[in-house]
Amino acid sequence: MIELPSCRLPLKIEEITAEWLTSVLCDRYPGTVVREAHIGTVIAGTATKVRLLLSYNEAGHQHLLPPTMWLKGGFIRHDYTYDNSFVNEAKFFGTWGQRLDLNKPKAYWSDWQDGVQGLVLLEDLAARNATFGDASKGMITIDQQAQALEMLARMHAKWWESPELKQLKNFSTAWEAASDIVMQMLRPEYFETCIHHRRCQAYVGPYRDRDRVVAGLRTQWARGREVPQVFSHGDAHLGNMFFEPDGTPGYLDWQSWQEGPYMHDVAYSTIGNLKVEDRRHAEKDLIAGYLAALSANGVANPPSFEDAWSAYRRHAMHGFMWPFTPEEMQPIEIVTAEGDCFGAAVSDLDTFGALGV
């Protein structure tokens, strides 16, 4: 992390200047001066992504700094803004992310002020001709999901049940602490609006009962402690993935990394990334492949398939929240597409039965 005692982190897009960018890049890239900085595309969401068009002095060119980068952080606020998410992502790229050999964007700089702002200057993946996951435009293939699970297995294996993880927030503790945010999405009037909307069409029978939904979520959070804990991406859905021209997947958006149950990433990814018919056809083989990848990456005693399958059925509950996601955070087309996936899954897997609610 670059310490900037005399240069606070910008909170508004108009505060992103060539002078400020020079101050944050010149430590890692000595002599660099940003001659011009122009604001390009701005994408609002849980975080704001600002595309920067940059020109440099000779030193910047010698460091091979690119003509475009993305600055990601908290610039556009809304009712569901969660300041710590911006700080978390900046911390990831400045700390643990440097130790992970995964396909992810390069970070040129990151810094944070706890409780205020977190910023990271990221590679513009358009330069790789990458494409980006978008559930509203179609799901990925079974082979691509197998590659995604192999990548998650490598990450999980690195700190499988490691004491080092205890310094991180934990999935169960974090969600219990953040229950007010979730309950805001499940307040009775909003729940009724959503459950009768197209976005929840796939939710049938008991999965339309708000009290059982709340009980299922709380039980899943608590039971997350029952399975091996790992370094978890925490939000490994399709919209947080990119794909190389040959289809190889990578992960971006590292706002939710944490210590958590291995199955959280596995179930959230598998159910939300595949067409319903592909998931039904391949989910058991995909879980078996993930367990084999754990062994191949040094986990001496991975879970049995039976234990993993039971955990998978329970952890479908987390993605259940997709169609209740406010439009300030995700477009309605995406929450509807993901709702179709998870609505089918919780019924197929009898998730309430697996949770005992």
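Each residue takes its place number in the sequence, starting with 1. Since the model is a prediction, treat every value here as computed from it, not as a measurement.
- Residue K49 places its NZ atom among more than 12 non-hydrogen atoms of other residues, nucleotides or ligands, all under 6.0 Å distant.
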Is there a side-chain contact (heavy atoms from CB on, under 4.5 Å) between L217 and V182? Walk through the geometry before answering. CA-CA 9 Å; L217 287 167; V182 178; 4.0 Å; yes

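- Ion pairing between D114 and K91 holds under the 4.0 Å rule for side-chain N and carboxylate O.
- In this structure, L25 and V34 have side chains that are in contact, with non-hydrogen atoms separated by less than 4.5 Å.
- In the hydrophobic clustering of ILVMFWY residues, with side-chain heavy atoms under 4.5 Å counting as a link, F305 and Y290 come out together.
- Put simply, the side chain of W309 never gets that close to the backbone of K284: no donor and acceptor are under 3.5 Å apart.
- In this structure, L125 and W70 have side chains that are not in contact, with every pair of non-hydrogen atoms separated by 4.5 Å or more.
- Remark: R154 pairs with L102, E150, M151, N297 by the side-chain contact (heavy atoms from CB on, under 4.5 Å) rule, at least two apart or across chains.
- For the pair R199 (side chain) and C194 (backbone), a donor-acceptor distance under 3.5 Å is absent.
- Note: F231 and W159 have tilted aromatic rings, judged against thresholds of 30 and 60 degrees for the angle between ring planes.
- Ion pair D340/R198 flagged as a salt bridge, since at least one NZ, NE, NH1 or NH2 atom sits closer than 4.0 Å to an Asp/Glu carboxylate oxygen.
- Residues F132 and L274 do not share a hydrophobic cluster, clusters being chains of Ile/Leu/Val/Met/Phe/Trp/Tyr side chains in contact below 4.5 Å.
- Going from atom CE of M263 over to atom CZ of R314 covers 9.0 Å, rounded to the nearest 0.5 Å.
- For the pair H63 (side chain) and L65 (backbone), a donor-acceptor distance under 3.5 Å is absent.
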H281 and E277: side-chain hydrogen bond (donor to acceptor under 3.5 Å, both in side chains), yes or no, with the steps? CA-CA 6 Å; H281 170 72; E277 56 270 28; over 6 Å; no

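- Shortest non-hydrogen contact noted between I271 and A345 is CG2-CB, 3.5 Å.
- Taking the side chain as every heavy atom from C-beta outward, E15 and L9 never approach each other to under 4.5 Å.
- Between H237 and W322, the ring-plane angle classifies as perpendicular under the 30° and 60° cut-offs.
- Remark: the D265 side chain and the S269 side chain contain no N/O donor-acceptor pair separated by less than 3.5 Å.
- Here the closest non-hydrogen pair linking P261 and G224 is CB-O, 3.4 Å.
- Between D101 and K158 there is no salt bridge, since no side-chain N of the basic residue sits under 4.0 Å from a carboxylate O of the acidic one.
- Of all the heavy atoms in F75 and P10, the pair that sits closest is CE2-O, 3.5 Å.
- Rounding to the nearest 0.5 angstrom, the gap separating the CG atom in L349 from the CD atom in E283 is 5.5 Å.
- F93 CZ to L100 CG: the interatomic distance, rounded to the nearest 0.5 Å, is 10.5 Å.
- Checked against the 6.0 Å centroid criterion, the rings of W96 and W254 do not qualify as a close aromatic pair.
- Taking 4.0 Å as the cut-off between side-chain N and carboxylate O, E226 and R223 count as a salt-bridged pair.
- With sequence neighbours excluded, no residue forms a side-chain contact (heavy atoms from CB on, under 4.5 Å) with P67.
- For the pair Q117 (side chain) and G74 (backbone), a donor-acceptor distance under 3.5 Å is present.
- A distance of 7.0 Å separates CZ in R28 from OG in S110, rounded to the nearest 0.5 Å.
- The distance from atom CG of L122 to atom NZ of K106, rounded to the nearest 0.5 Å, is 11.5 Å.
- The backbone N or O of D235 lies less than 3.5 Å from a partner atom in the side chain of N240, making a donor-acceptor pair.
- A donor atom on one side chain and an acceptor atom on the other are found under 3.5 Å apart for N103 and E244.
- At a cut-off of 3.5 Å, with distance as the only test, a side-chain donor of D246 or T248 sits close to an acceptor on the other residue.
- Side-chain atoms of P206 and V357, non-hydrogen and from C-beta on, never get closer than 4.5 Å to each other.
- Annotation for L52 and L121: closest pair CD1-CD2, 3.8 Å, computed over non-hydrogen atoms.
- Residues E161 and V299 fail the side-chain proximity criterion, which asks for heavy atoms closer than 4.5 Å.
- Annotation for R128 and P105: closest pair NH2-CA, 4.2 Å, computed over non-hydrogen atoms.
- Taken from CD1 in I195 to SG in C200, the straight-line distance is 4.0 Å, to the nearest 0.5 Å.
- Checked options F320, F352, F342; the residue passing with Y203 is F320 (criterion: ring-ring contact (aromatic ring centres under 6.0 Å, His included)).
- Here the side chains of Y251 and L152 are in contact, with some heavy-atom distance below 4.5 Å.
- Clustering ILVMFWY residues whenever any of their side-chain heavy atoms sit less than 4.5 angstrom apart, transitively, puts L54 in the very cluster that holds V42.
- The hydrophobic clustering, which links ILVMFWY residues whose side-chain heavy atoms are closer than 4.5 Å, places Y108 and I39 together.
- In the hydrophobic clustering of this structure, L71 groups with Y29; members are Ile, Leu, Val, Met, Phe, Trp, Tyr whose side-chain heavy atoms approach within less than 4.5 Å, directly or through other members.
- Side-chain rings of H156 and Y262 stay apart, their centers remaining 6.0 Å or farther from each other.
- Using modelled atom types and a 3.5 Å distance limit, the side chains of N170 and E259 yield a donor-acceptor pair.
- Here the side chain of S55 pairs a donor or acceptor atom with the backbone of E36 at under 3.5 angstrom.
- Under the 3.5 Å distance criterion, the side-chain polar atoms of E89 are left unmatched by any main-chain donor or acceptor of S85.
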Carefully, step by step, assess H315 and H318 under the rule side-chain contact (heavy atoms from CB on, under 4.5 Å). CA-CA 6 Å; H315 278 269; H318 185 78; 5.7 Å; no

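- Looking only at side-chain heavy atoms (C-beta outward), K104 and F92 come within less than 4.5 Å of each other.
- Closest heavy-atom contact between A90 and W112: O-CZ3, 3.5 Å.
- A donor-acceptor contact shorter than 3.5 Å links the side chain of N273 to the backbone of L238.
- Classified by interplanar angle (parallel below 30°, tilted 30° to 60°, perpendicular above 60°), the ring pair H264/F171 is tilted.
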Does R35 form a side-chain contact (heavy atoms from CB on, under 4.5 Å) with T22? I'd like the steps, not just the answer. CA-CA 8 Å; R35 297 291 193 197; T22 295; over 6 Å; no

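- Remark: side-chain polar atoms of R218 are not paired, donor with acceptor, to backbone N or O of A215 under 3.5 angstrom.
- For S172 (side chain) and W221 (main-chain N/O), a donor-acceptor pair under 3.5 Å exists by modelled atom type.
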Could you go step by step and tell me if M241 and Q144 meet the side-chain contact (heavy atoms from CB on, under 4.5 Å) rule? CA-CA 11 Å; M241 298 183 73; Q144 285 177 312; over 6 Å; no

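- Here the side chains of R279 and Q145 are not in contact, with every heavy-atom distance at 4.5 Å or above.
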